[in-house]
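Report on the following structure.
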Amino acid sequence: MKKQLNVSAIKQGTVIDHIPSTALFKVISILKLDHCKDMVTFGNNLDSKVMDGKAIIKVENRFFKDKEINKIALVAPHAKLNTIKDYEVVGKYVVEIPDEIQDIARCFNPKCITNHENIDTYFEVISKSPVALKCRYCEKITHQDQMEIK
């Protein structure tokens, strides 16, 4: 049987694979890919042997920094990043939620000082599945369904 690609290859950039279908547009939003000038290709509800449907994003000429990768990990904890150069995969790794999160998520507590003063947020990750973050300032727990990424 002839193989068919669902999404075309990119010359150089990053492929984010194994994104849960429900998190695709969150990833696009937090990485601000809707404002990207380079080619962005995405597919949703693709067949997967390990997931109930996955999403994939291909971004030409963009290589993500640690802070952006941590954002991806918070909304798609099992996503895989592939670095592409000259149409070849030169780097491959699974995102990982760090033990501490600095200034990439908001505290859900409306009374927390971080929502009133211009200061960075700090969280201790108390659970990685499902994600739960403890605020260093007010000590409230922000759960995954309450999480807002900056």
Checklist entry - Rounded to the nearest 0.5 Å, what separation is found between the NZ atom of K49 and the NZ atom of K54? => result 10.0 Å
Item to check | Minimum-distance pair of heavy atoms, taken over all atoms of I97 and V131 | outcome: CD1-CG2, 3.5 Å
Checklist entry - Which value, rounded to the nearest 0.5 Å, describes the distance between L33 atom CG and F25 atom CZ? => result 11.5 Å
Checklist entry - Do the side chain of T121 and the main chain of R106 share a donor and acceptor less than 3.5 angstrom apart? => result no
Item to check | Heavy-atom check, side chain of C138 versus side chain of K111, under 4.5 Å | outcome: no
Item to check | Heavy-atom pair of closest approach, residues P98 and V125 | outcome: O-CG2, 3.0 Å
Checklist entry - Could you walk me through whether Q12 and D86 pass the side-chain hydrogen bond (donor to acceptor under 3.5 Å, both in side chains) check? => result CA-CA 6 Å; Q12 69 171 2; D86 292 325; over 6 Å; no
Next on the checklist: Taking CG in D120 as the centre, count heavy atoms belonging to other residues, nucleotides or ligands within less than 6.0 Å. Is the count above 12?
Outcome noted: yes
Checklist entry - Could K150 and D103 be called an ion pair, given the rule that one side-chain N must be under 4.0 Å from one carboxylate O? => result yes
Next on the checklist: Could you report the tightest heavy-atom contact between T114 and C107, atom names first, then the distance?
Outcome noted: OG1-CB, 3.7 Å
Item to check | same_hphob_cluster(F64, V75) at 4.5 Å side-chain heavy-atom cutoff | outcome: yes
Checklist entry - K26 versus K71: any side-chain heavy-atom pair under 4.5 Å? => result no
Item to check | SB check K37 E60 (cutoff 4.0 Å) | outcome: no
Checklist entry - Is K85 close enough and on-axis enough to F63, meaning under 6.0 Å and within 45°, for cation-pi? => result yes
Item to check | Atom pair SG (C135) and CG (N109), whose distance is rounded to the nearest 0.5 Å | outcome: 7.5 Å
Next on the checklist: Are I56 and V89 connected into the same hydrophobic cluster when the rule is that any two of I, L, V, M, F, W, Y join if their side-chain heavy atoms are below 4.5 Å apart?
Outcome noted: yes
Checklist outcome for this item: All heavy atoms of A105 vs all of M147, minimum pair found to be CB-CG, 4.4 Å
Checklist entry - Is any side-chain heavy atom of M39 less than 4.5 Å from a side-chain heavy atom of K58? => result no
Checklist outcome for this item: The reported gap from SG in C112 to CD in E117 (rounded to nearest 0.5 angstrom) is 10.5 Å
Item to check | From I10 atom CD1 to N61 atom CG, the distance as rounded to the nearest 0.5 Å | outcome: 8.0 Å
Checklist entry - Looking only at heavy atoms, what is the nearest atom pair of V27 and A76, with distance? => result CG2-CB, 4.4 Å
Item to check | Residue pair L133 / I126, side-chain heavy-atom distance below 4.5 Å | outcome: no
Checklist entry - Taking atom OH of Y122 and atom CD1 of I104, what is their separation to the nearest 0.5 Å? => result 12.5 Å
Item to check | Test log, rule side chain to side chain contact (heavy atoms under 4.5 Å, CB included), inputs E139 and K134 | outcome: CA-CA 6 Å; E139 299 188 346; K134 182 177 179 182; 3.9 Å; yes
Checklist entry - More than 12 heavy atoms of other residues, nucleotides or ligands under 6.0 Å from CG of D145: is that the case? => result yes
Item to check | L31, T41, V15, L24 screened by side chain to side chain contact (heavy atoms under 4.5 Å, CB included) with I57, the one that passes | outcome: L24
Next on the checklist: Count I, L, V, M, F, W, Y as connected when their side-chain heavy atoms are under 4.5 Å apart, and connections chain through other members. Are I19 and Y93 then in the same cluster?
Outcome noted: yes
Checklist entry - Can F123 and T142 be said to form a side chain to side chain contact (heavy atoms under 4.5 Å, CB included), step by step? => result CA-CA 9 Å; F123 295 96; T142 299; 4.0 Å; yes
Next on the checklist: Walk me through whether H18 and H78 qualify under side chain to side chain contact (heavy atoms under 4.5 Å, CB included).
Outcome noted: CA-CA 7 Å; H18 292 92; H78 304 293; 5.6 Å; no
Checklist entry - Would you say I119 and Y137 make side-chain contact, with heavy atoms under 4.5 Å? => result yes
Checklist entry - Step by step, would you call I84 with V90 a side chain to side chain contact (heavy atoms under 4.5 Å, CB included)? => result CA-CA 6 Å; I84 310 295; V90 296; over 6 Å; no
Checklist entry - Do other residues, nucleotides or ligands put more than 12 heavy atoms under 6.0 Å from K140 NZ? => result no
Checklist entry - Does a sphere of radius 6.0 Å around CD in E96 hold more than 12 heavy atoms from other residues, nucleotides or ligands, not counting ones at 6.0 Å or beyond? => result no
Checklist entry - Does D99 pair with K128 as a salt bridge, N-O distance under 4.0 Å? => result yes
Checklist entry - Do side-chain atoms of H116 reach the backbone of P110 as a donor and acceptor pair under 3.5 angstrom? => result yes
Checklist entry - Are any of the side-chain heavy atoms of S29 and D34 separated by less than 4.5 Å? => result no
Item to check | Closest non-hydrogen atom pair, K92 against N82 | outcome: CG-OD1, 2.9 Å
